[in-house]
*Asks:* 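Below is one structure. I have some questions about it.
Counting starts at 1 for both ligands and their atoms, following the listed order. The structure presented is a predicted model; accordingly, all values stated were derived computationally and were not measured. Any value given below was found using the heavy atoms of this structure, including those in side chains, with hydrogens, waters and symmetry copies removed.
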Amino acid sequence: MKEPIIKVTNLSHRYNAQWAIKDINFEFQEKGIYGLLGANGAGKSTLMNIICGVLNQSEGDVFINGINLREQPVVAKKHIGFLPQQPPLQLELTIKEYLQYCAGLRLMPENTIKAAVEEVMEKCQISHFAGRIIKNLSGGYQQRVGIAQSIIHKPDFIVLDEPTNGLDPNQILEVRSLIKDIATERTVLLSTHILQEVQALCDDIWMINEGQIIFSGSLDEFDNYIMPSTFTATL
Ligand code: ATP
């Protein structure tokens, strides 16, 4: 049987004595755009950071295409792309230089980097800005650059942590359109606190509240779900 693209088992994490996520279990078998919806502080970034191997969980396991991320991080990470939640990038590098640097960090063979950078710039519609300094770009273009670095090594699974946070309405539409486009070739897990975002983009939804998954299902099923009064996602 085919391994799930991602499988998370009994995943928990605490910062000091405080549990940020507790006993999370899910898996994706099919390609698609999956949404993790949760209010500020619900545990989204903690979960995303663990799934992408930038934070070590306190308990539980993450499997990417059947590979245990804790046991084989280098191999597992080849299958994952990650756009972390981040403030505007204050980088003095041009888009092209930054993407070349990211490709190097991903240990891509030297002779493949030039073509890969051109390809992702084309895909993310930033080729015309290749020589622009990143810190001078608008938020929308910075997110396109962020998405470009997340797919440069051609992962089959990417994680986008609040990808439209802080963008204006036009930029939000543009970034969502890009996400839909890149999701035709890979599976996407995105987090957001905006209900409209999952409605616009996602096939299935996981809802996280106080570190626990309280709903999982399709958008149709979600329409009939009665949210707990403590849940404060933007409607
Ligand atoms: P936001 O949308 O505001 O980023 P989130 O859903 O991504 O929220 P997390 O950032 O994962 O939530 O935070 C979950 C809980 O863990 C919160 O209570 C937060 O205060 C706490 N937390 C997160 N990072 C740390 C840290 N480095 N040290 C201590 N506590 C943390």
*Asks:* Once rounded to the nearest 0.5 Å, what's the spacing between atom CD1 of Ile134 and atom CG of Leu93?
*Replies:* 6.5 Å
*Asks:* If you count only heavy atoms, which residues are under 4.0 Å from ligand 1?
*Replies:*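 These residues qualify: Tyr15, Ala20, Ala39, Asn40, Gly41, Ala42, Gly43, Lys44, Ser45, Thr46, Gln85, Glu162.
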*Asks:* If the plane angle is over 60° it's perpendicular, under 30° parallel, otherwise tilted; pick one for Phe26 and Trp206.
*Replies:* tilted
*Asks:* By salt bridge (Lys or Arg N to Asp or Glu O under 4.0 Å), which residues pair with Asp181, not counting sequence neighbours?
*Replies:* Lys123
*Asks:* Look at the aromatic rings of His128 and Tyr141 and report parallel, tilted or perpendicular, splitting at 30° and 60°.
*Replies:*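 If you compare the ring of His128 with that of Tyr141, the planes turn out perpendicular.
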*Asks:* Test question: given the 4.5 Å side-chain rule for I, L, V, M, F, W and Y, name all other residues clustered with Ile67, or answer none.
*Replies:*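 Members alongside Ile67: Val75.
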*Asks:* Under 3.5 Å, side-chain donor or acceptor atoms of residues 49-60 against the rest of the protein: list the pairs with distances, not counting sequence neighbours.
*Replies:*
from, atom 1, to, atom 2, distance (Å)
Asn49, ND2, Ser45, O, 3.2
Gln57, NE2, Gly60, O, 3.1
Ser58, OG, His13, ND1, 3.3
Ser58, OG, Arg14, N, 3.0

